[in-house]
2 protein chains.
Amino acid sequence: MTGVTLSDVAQRAGVSRAAVSRTFTAGASVSAKMRARVEAAARDLGYSPNLLARSLTTRKTQLVGLVSNNFQNPVFLQIFDLLTKGLQDRGLRPLLVNLSDETDPARSVQLLRQYSVEGVILATSHLPQGFASAFRDAGVAVVHAFGRPTGQTDVVGIDNVAAGEMAAQTLMARGYRHVGFMGGPEQASTTQDRLAGFAAAAQALGGVVSHSFAGAYSFEAGRGEMARLLSGPRAEAYFCADDVLTIGALSAAQAAGLRVPDDLGLIGLNDMAMAGWANINLTTIHQPFDAIVRGAMDLMQDRFANPDRAPQTRLFPCHIVDRGTLRPL
Amino acid sequence: MTGVTLSDVAQRAGVSRAAVSRTFTAGASVSAKMRARVEAAARDLGYSPNLLARSLTTRKTQLVGLVSNNFQNPVFLQIFDLLTKGLQDRGLRPLLVNLSDETDPARSVQLLRQYSVEGVILATSHLPQGFASAFRDAGVAVVHAFGRPTGQTDVVGIDNVAAGEMAAQTLMARGYRHVGFMGGPEQASTTQDRLAGFAAAAQALGGVVSHSFAGAYSFEAGRGEMARLLSGPRAEAYFCADDVLTIGALSAAQAAGLRVPDDLGLIGLNDMAMAGWANINLTTIHQPFDAIVRGAMDLMQDRFANPDRAPQTRLFPCHIVDRGTLRPL
DNA sequence: CCGCCGAATGCTTTCGTTTGCAATCGAAAC
DNA sequence: GTTTCGATTGCAAACGAAAGCATTCGGCGG
C-alpha cells in the first residue's frame with residue numbers, strides 16, 4: 001500500500017512536518033543533520049512525496065498534454081519517441097490524448113485543463129478549427145508542432161510552401177516536365193501549402209502540373225489514389241506529400257508493372273526511418289524531426305517562463321535525401 | 001487564466017461550497033433547482049472541477065501509466081492507438097513512460113507512484129527483472145501485456161511456445177525440411193519461447209533446425225542477421241520472431257538475388273498493418289492485438305475492484321495469415 | 001558573560017475538493 | 001394546524017503537502 005505520508009515520516013523522525021517538507025523541496029533551509037535524519041526515516045518508511053498534493057500549493061504539475069490524431073502513420077512513433085524522451089529529460093510528464101475518434105474537441109481541452117496540465121504539444125498537421133487557440137485562451141502554454149503558422153499560437157515545423165518548391169525544383173532539375181502532386185486530406189494545411197509551393201515553382205520552371213488528393217496520410221490511400229491516376233494519362237513524376245503515401249504509390253506503380261524511377265519518378269516528404277529501408281529506398285525530403293521536437297519543447301518551456309510573450313514561429317530547413325525513386329541528375 | 005474554483009461558483013450562486021461539489025459529483029443528493037442554479041453559475045464562470053484536488057480526498061486519479069520501450073517497432077503505434085482509445089473510453093488517462101533510455105527502472109516505478117497512478121500497463125516483452133512485481137508491491141494494479149506468464153502478476157498476450165509450434169508446423173506442412181529461427185534480443189522472453197516451441201515442433205516432425213538472434217526487433221537487425229546467414233549454408237525457410245525482423249530479412253534476401261518464396265521461405269509474427277501492404281505482403285502469424293489490449297484493460301480494471309485476487313493470465317489464440325512469403329501447400 | 005544576527009525549526013494557514021454529520025426544509029398524513 | 005420523516009442543505013474537518021511568520025538555536029565579537 002502506498003499510504004505513507006509526510007506526517008508519518010515526521011512522526012517517525014520526531015520532527016515537524018515542515019522539516020520533512022523542506023528536505024524534499026529543493027533550495028529550502030535545512031541543516032545537514034536534520035536532512036540526514038529525515039532521509040533515514042523516509043527510507044525506512046518508503047516515503048516519496050505525493051506530486052499531486054504538492055501541485056495544489058505550488059501550482060506546478062509538471063504535466064503536459066501530448067495530443068495527436070496520427071496513429072496510422074508510422075512516422076509518429078519516431079516522433080513520440082523523441083517527444084517522450086525529451087520531456088522526461090526535462091522533468092515533464094506527457095499525458096497522451098488520442099484525438100482520432102473525438103467528435104468534440106472542446107472535451108479534450110476541458111479534460112486537459114481538469115488535469116491542470118501546464119502545457120500542451122499538438123503533434124499533428126490536421127486540427128479542428130480553433131483547437132490551438134482554445135488552449136491558449138484557457139491559459140495553458142500550447143505549441144503546435146507540424147502546423148501552419150497563424151500568428152495566434154506558437155508553431156514549430158517546416159516551411160511547407162518551400163518544401164513544395166524544393167520538390168518541384170528537384171523534379172524539374174532531373175528532367176521531368178509533366179509533374180503531379182498527390183496530397184493527403186485536402187483540408188490539411190500541410191497538403192495545401194505543399195501543393196501551393198509545388199505548383200507555383202513547377203509552373204515557373206515551365207512544368208506542366210496536375211494534382212489530386214488521397215483522403216488520408218496512409219499507405220492504402222496512397223496506393224488507391226496512384227492506382228486511379230495510373231489508369232488515365234499520367235505524369236512523369238509525382239511529389240507525394242508524405243512518405244507513407246509515397247510508399248503506397250510505389251506499391252501501385254509496381255503492381256501496374258511500371259519501373260521506378262525509369263517509367264515513373266516519385267519523391268516523398270518526411271524521410272521517416274522506413275524510407276531508408278533497402279527494399280523501399282525512397283528519394284524524399286528530410287524533415288528534421290529532432291530539431292522540430294526540441295523546438296516545440298523549448299518554445300513551451302519558454303512560455304512557462306513568460307506567458308504573455310507574443311506567439312512565435314520556428315521553421316527548420318529541409319533537405320533532399322537522394323535514394324532510388326528518382327532518376328539521377 | 002484557469003483560476004476559477006468551487007468557492008467562486010458557490011459565491012456567485014449564493015450557495016454553500018458543498019452544494020457546488022455535489023452538483024459535480026455523480027450520485028449526490030441535490031435538488032433540481034439547486035443543480036440548475038449552480039450549473040448556471042458554473043457556466044458563467046467557466047468552471048470545471050480540479051481533478052487533482054479531487055483525487056486528494058477520493059483517492060482516485062483515473063491516471064494509468066503506459067510503459068513501453070518499443071518505440072522502434074511500428075507495430076507499437078497500432079498498439080498505442082488501441083490502448084489510448086480504449087483507456088479514454090473507460091474514462092482513464094494514460095501517462096506515457098518511455099523506458100528506452102532508462103538505466104534505473106526503479107525510478108520509473110517511483111515516478112509513477114508519485115503521480116498516484118491507479119494502474120500500469122506494461123506494453124513490452126522485454127523488461128528488466130522484477131519490474132512488474134515492483135509495481136505490484138507498491139500497490140498499483142499492474143498488467144503486463146505481451147509478456148511471459150509468471151504467476152506473479154497479471155499477464156495478457158499469446159502463448160509464444162504455441163506460436164513457435166504453429167510456425168514450425170506450417171513450414172513443415174509446406175515441405176520445408178531445413179528450417180531456421182531468427183529471434184530478436186536473446187534475453188527477450190518472446191524470442192526464447194518462440195524458439196523453444198519452434199525447435200521442439202520442427203524436430204518432432206523430422207525437421208532440421210538452426211537458430212540465431214538479431215540483437216533487436218528492428219528492420220536493420222533483421223536485415224543484418226539475414227545477410228550474415230545467407231553468406232553461409234542456409235536453411236530453406238526461416239521463422240522470424242517479429243514482422244519487422246521479417247521485413248528486414250526479406251530485404252536482405254532480395255538484395256542477395258533470392259526469390260521469395262521460391263528460393264527462400266519466410267514467416268513472421270504479429271501481422272502488423274504493414275505486413276499486409278502489397279509490396280511487402282508477408283505470410284505471418286496474426287497476433288490479436290485488439291483482444292490483448294482489451295484484455296489488459298479489463299484485467300487492470302478488474303484488479304481495481306478486487307486488489308487482492310490472485311494473479312491471472314489471459315492468452316489469446318493466433319492464426320496464420322497466408323500471403324506471399326511462403327510457397328503454397 | 002552579554003548582546004547580536006543569521007540560520008534552523010516549528011506553527012499554522014492554505015491549496016481545491018469531498019464527505020460525515022447535524023440542521024433545515026417541505027410535503028404528506030393526521 | 002401539528003407531526004413526522006425523507007430529501008436537501010450547510011458546516012467543518014479532512015486529504016497531503018508548501019510556505020509565511022514567529023520562534024529558537026548557535027556562534028561570534030565585544
Participant: Does B:Y115 put a side-chain nitrogen or oxygen below 4.0 Å from OP1 or OP2 of D:dG16?
Facilitator: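 No.
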Participant: In whole angstrom, what separates A:L51's CG from D:dA18's C1'?
Facilitator: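 In whole Å, D:dA18 C1' and A:L51 CG are 13 Å from each other.
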Participant: Please work out which of the three classes, parallel, tilted or perpendicular, describes the rings of A:F24 and A:Y47, given edges at 30° and 60°.
Facilitator: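 A:Y47 vs A:F24 ring planes: perpendicular.
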Participant: Over how many whole Å does the gap from A:L6 atom CG to C:dT12 atom P extend?
Facilitator: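 Rounded to the whole Å, the gap is 16 Å.
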Participant: To the nearest Å, give me how far apart NZ (A:K60) and C1' (D:dA17) are.
Facilitator: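 The distance from NZ of A:K60 to C1' of D:dA17 comes to 16 Å, rounded to the nearest Å.
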Participant: Summarise protein proximity over nucleotides 4-15 of chain D in one line of letters, 5' to 3': B for base, S for sugar-phosphate only, - for none, counting protein heavy atoms closer than 4.0 Å.
Facilitator: ----BBBB--BB
Participant: What's the separation between atom OG in B:S68 and atom NE2 in B:H126, rounded to the nearest 0.5 Å?
Facilitator: 11.5 Å
Participant: Looking only at the aromatic ring of each residue, does the gap between the centers of A:F80 and B:F76 stay below 6.0 angstrom?
Facilitator: no
Participant: Mind calculating the distance between CG (B:D8) and C1' (C:dG16) to the nearest angstrom?
Facilitator: 10 Å
Participant: Whole-Å distance between D:dG16 P and B:R113 CZ?
Facilitator: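 Rounded to the whole Å, the gap is 13 Å.
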Participant: Testing B:N70, B:V75, B:I79, B:L127 one by one against B:F146 for a side-chain contact (heavy atoms from CB on, under 4.5 Å), which residue passes?
Facilitator: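 For B:F146, the side-chain contact (heavy atoms from CB on, under 4.5 Å) test succeeds with only one of B:N70, B:V75, B:I79, B:L127, which is B:I79.
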Participant: Taking CG from B:N50 and C1' from D:dG16, how many angstroms apart are they, rounded to a whole number?
Facilitator: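 So the CG-C1' distance, B:N50 to D:dG16, works out to 14 Å.
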Participant: Within the 4.0 Å heavy-atom criterion, would you say B:S55 contacts the bases, only the backbone, or no part of the nucleic acid?
Facilitator: nothing
Participant: As a quick check of understanding, evaluate side chain to side chain donor-acceptor pair (under 3.5 Å) for B:N69 and B:N98, giving each step before the final call.
Facilitator: CA-CA 6 Å; B:N69 52 13; B:N98 187 339; over 6 Å; no
Participant: B:Q62 CD to C:dT17 P: how many Å, rounded?
Facilitator: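 Taking CD of B:Q62 and P of C:dT17, I get 16 Å after rounding.
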Participant: How far does CG of B:L112 sit from CG of A:L51, to the nearest 0.5 angstrom?
Facilitator: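 Between B:L112 CG and A:L51 CG, I get 11.0 Å after rounding to 0.5 Å.
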